[in-house]
There are 2 protein chains.
Amino acid sequence: MIDLLSMKNSIRAARESEIVEGFYKLAQEVGLENASIAKIAKRLEIPPSLIMHYFPTKDILIQELITFILEHYQLIYEPILTQLSTSKSLDVDNLVERLFSREWNLLFDDGVFYSCYALTFRNPTIREAYKDLHGALRRTLDEILQQDPVLGKGDTERLAEQIFVVVEGAYYYLGMIDDRVEYATKLEFFKQQVIDLLKVVSVGE
Amino acid sequence: MIDLLSMKNSIRAARESEIVEGFYKLAQEVGLENASIAKIAKRLEIPPSLIMHYFPTKDILIQELITFILEHYQLIYEPILTQLSTSKSLDVDNLVERLFSREWNLLFDDGVFYSCYALTFRNPTIREAYKDLHGALRRTLDEILQQDPVLGKGDTERLAEQIFVVVEGAYYYLGMIDDRVEYATKLEFFKQQVIDLLKVVSVGE
DNA sequence: TTTAATATTGAATGAACATTCAATAAACAT
DNA sequence: ATGTTTATTGAATGTTCATTCAATATTAAA
């Protein structure tokens, strides 16, 4: 009665997480389109029927994968953004550095991410999930920009959007670069592009 | 002997095009991951084995689909860019208008495009095809910018890259917007963002 | 300790999958 | 007209797919 998260529930929660994570890792290796329930089961050394026990259909499992991925995505930005929102003054270079820190996040797979993004064009539920996430991130950045005495007077909502457009567009291009040196150079270019966005507004004031 | 593109070849070419286009349209409707050879065959009212006759494996067919898609992608930009490259002076507003004309191209499906982009992360051949295309487009825009007396003095290669980053990032965000009015408003914002990029450089000179 | 609920197993299902093959039809070259 | 190449057909292959089901094991509640 007291323990709502009883052992019974923790077994369920643990298995569900294990399955979704196994699904994600498998999708990383073979692609989302080739990640089957049988393959997940083999990887986790459980029968496929156990997966169906927790996720009655594959659609539901994919839905949970999307949630998992968007949580990861948020995990990259959220601490960066919330940390910045607590500091007194806005350090532009620091902000930009952190916005592009996705580079170092090995837990994030671009192939799986774009495969899931493609699903938004035919699945309304997934579409809403993606929209919600990006809306939330943009709002957080907006709040940070508002704290700056100069930037705060301008259209921070729009500026936040402009920044994320560059960040997303940058990662689209960076995804195609194999050479490490070229990658680093381009990354610096794109960081500067965001800095320019912030400075133009400052100069304009 | 004279006619290298004889009837024999035109039958083959016609069928191959028909199959790849059928594949593309099917992928638009059901998603790339659900587009099977049997479904393409049904749609074209031919036996599946005829598809295998022209495309021995599905991998080859997907490869041809990528080529088809990238040709479409190029079709959006190329006429815009080449037309601009022949005009004497650079009309900034016109350039930007044309860079964002993807909005009106009903032949282009974002869902399929991003699904294919996701394949670049595990397929080196597809990766190269995507890289080549974006490289070519960037070079063309670079040449256009070089013609401008003011912009031509600056780093046009880098500017071209910055512009495409905004364009790609913009379409990423626009892909999630359902409301037509909001879409139009955001589109104008992103166009302005590119115009700002061009003006900053001009001012800086 | 008995009962009820949940977790796990393994076998089986039919549908869809890419692919193969032999046979026929059409187009082409001579 | 004849022979050769190519286009097309339809049936069949074995594999993988998501999903179902009944049986068993484990855990929680009484």
Side-chain angles (χ1 to χ4, degrees), chain A residues 1-24 26-27 29-66 115-116 119 122-123 125-126, chain B residues 1-24 26-27 29-66 115 119 122-123 126:
Chain A
M1 191 72 87
I2 293 163
D3 190 7
L4 289 175
L5 286 173
S6 62
M7 188 65 79
K8 187 156 58 176
N9 274 329
S10 84
I11 286 177
R12 166 172 281 267
R15 264 281 189 255
E16 285 176 347
S17 300
E18 187 193 9
I19 291 167
V20 172
E21 278 180 42
F23 188 18
Y24 179 71
L26 180 65
E29 292 168 15
V30 301
L32 184 63
E33 68 278 11
N34 300 316
S36 70
I37 288 175
K39 285 177 190 163
I40 304 167
K42 193 171 213 172
R43 165 185 269 270
L44 301 177
E45 291 177 307
I46 55 172
S49 51
L50 187 56
I51 295 176
M52 303 305 293
H53 174 67
Y54 290 106
F55 306 94
T57 67
K58 201 191 179 185
D59 271 355
I60 293 172
L61 181 57
I62 290 174
Q63 203 68 247
E64 293 304 312
L65 178 71
I66 302 285
S115 283
C116 291
L119 297 179
R122 283 173 303 105
N123 185 320
T125 314
I126 294 174
Chain B
M1 190 72 89
I2 293 162
D3 191 7
L4 288 174
L5 286 173
S6 63
M7 188 65 78
K8 188 158 56 176
N9 274 330
S10 85
I11 286 178
R12 166 172 281 268
R15 264 282 188 256
E16 285 176 347
S17 299
E18 188 193 8
I19 291 167
V20 171
E21 278 180 41
F23 187 19
Y24 179 69
L26 179 67
E29 292 167 15
V30 302
L32 184 63
E33 67 278 12
N34 300 315
S36 69
I37 288 174
K39 285 178 190 162
I40 303 168
K42 192 172 214 171
R43 164 184 268 271
L44 301 177
E45 292 177 305
I46 53 171
S49 50
L50 188 56
I51 295 176
M52 303 306 294
H53 173 68
Y54 289 106
F55 306 95
T57 67
K58 201 192 179 184
D59 271 356
I60 292 171
L61 181 56
I62 290 175
Q63 204 66 247
E64 293 304 312
L65 178 71
I66 303 285
S115 283
L119 296 179
R122 282 173 303 104
N123 185 320
I126 295 175

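A note on names: the letters A, B, ... follow the listed sequences, proteins ahead of strands, and every chain is numbered from 1. All values below come from the heavy atoms of this structure, side chains included, with hydrogens, waters and symmetry mates left out.
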Proximity to the side chain of [X] - top-ranked nucleotide from [options]:
X: B/T57; options: C/dT19, C/dG10, C/dT8; result: C/dT19
X: A/S49; options: D/dT8, C/dA18, C/dA11; result: C/dA11
X: B/I11; options: D/dA7, D/dA18, D/dG10; result: D/dA7
X: B/K58; options: C/dG10, C/dA18, C/dA7; result: C/dA18

For the pair made of [atom1] in [X] and [atom2] in [N], what is the distance, rounded to whole Å?
X: A/E16; N: C/dT8; atom1: CD; atom2: P; value: 11 Å
X: A/E45; N: C/dT8; atom1: CD; atom2: C1'; value: 15 Å
X: B/L26; N: C/dA18; atom1: CG; atom2: P; value: 10 Å
X: B/M52; N: D/dA7; atom1: CE; atom2: P; value: 16 Å
X: A/I60; N: D/dA18; atom1: CD1; atom2: P; value: 14 Å
X: B/L61; N: C/dC17; atom1: CG; atom2: P; value: 14 Å
X: B/I19; N: D/dT8; atom1: CD1; atom2: C1'; value: 11 Å
X: B/E18; N: D/dA7; atom1: CD; atom2: P; value: 13 Å

[N] phosphate, OP1 or OP2: any side-chain N/O from [X] under 4.0 angstrom?
X: B/Y54; N: D/dT6; answer: no
X: A/R15; N: C/dA7; answer: no
X: A/R12; N: C/dT6; answer: no

Can you sort out which residues in residues 33-42 of chain B have a heavy atom within less than 4.0 Å of DNA chain C? Ascending by number, please. B/S36, B/I37, B/A38, B/K39
Under 4.0 Å between a side-chain nitrogen and a carboxylate oxygen: does that hold for B/E29 and B/K39?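 Looking at B/K39 together with B/E29, the answer is no, because their closest N to O distance does not fall below 4.0 Å.
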